[in-house]
Amino acid sequence: MKITFYGQNSLAIQIGDTHLLVDPFISGNPLSKDQVDIHSLKADYILLTHAHQNHTLDAETIAKNTNAIIVSNFEIANYYEAKGISVHSMNHGGSWEFDFGKVKYVNAIHTSSFPDGTYGGQPGGFVIEGEHKNIYIAGDTALTMDMKLIPLQTELDLAILPIGDNYTMGIDDAILASDFVKCDKILGVHYDTFGYIEINHEEAKRKFYDAGKDLMLLDIGESIEL
Ligand code: NI
């Protein structure tokens, strides 16, 4: 499994020959818009955690370029289906065996509306099991006891957690979240894009290190292999 970071919560995940994109927000992100050409991105599936623009901005364009299937909650799936895009709708607690692996849509505590005010259902995260590697994409969320449910069923190899504070968990809560999901390998997301969520990278890494955990902060376009 190869994971590439495109800023904010935007990720490309390659599982075998299948390309997933998560929360594509690139053309409007000052940190990534000049570094990543959305027309060059491959996507078989686009996973959306919630409807906020800083997670969905480029989803329609990329889906139409690639014929990717958008996977999200029922309301978000309906929103894109009405635009002629192929979708797979899910809802909280539900799993589906896709051709690349198993995906579960799990709880997040946040909000979810499109920029025009359209209701975007309840926000979520994804647990993905594929190629013998398991990852948790928390999406935008507060720290929540529901995270403790995840390791009852899935032994995670990587937890992708928001760490920017203000709109989501900050660093201290993300450390607790990694305890809750029983995964000490963390990829930090949802930081630095806007003023309210700028973080001190060294301080963040040190706090995780002091808690016995490994926080990775990738450059735009940088990849890791699991
Ligand atoms: Ni959000």
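Quick note: residue numbers are just sequence positions, from 1. All ligand and atom numbering here is 1-based and tracks the order in the structure.
Between Asp179 and Lys213 a salt bridge is recorded (basic side-chain N to carboxylate O distance below 4.0 Å).
Each of Leu20, Thr49, Val106 was scored for a side-chain contact (heavy atoms from CB on, under 4.5 Å) with Phe126, with one residue passing: Thr49.
Note on the Ni ion (ligand 1): protein N/O/S atoms under 2.8 Å are His50 NE2, His52 ND1, His110 NE2, Asp140 OD2.
With hydrogens and angles ignored, the 3.5 Å screen pairs a side-chain donor or acceptor of Gln14 with a backbone N or O of Gly16.
Hydrophobic clustering (side-chain heavy atoms under 4.5 Å, transitive across Ile, Leu, Val, Met, Phe, Trp, Tyr) groups Val189 together with Leu31.
His19 pairs by the ring pair (Phe, Tyr, Trp, His ring centres under 6.0 Å) definition with nothing, not counting sequence neighbours.
Around OH of Tyr209, the count of heavy atoms belonging to other residues, nucleotides or ligands within 6.0 Å does not exceed 12.
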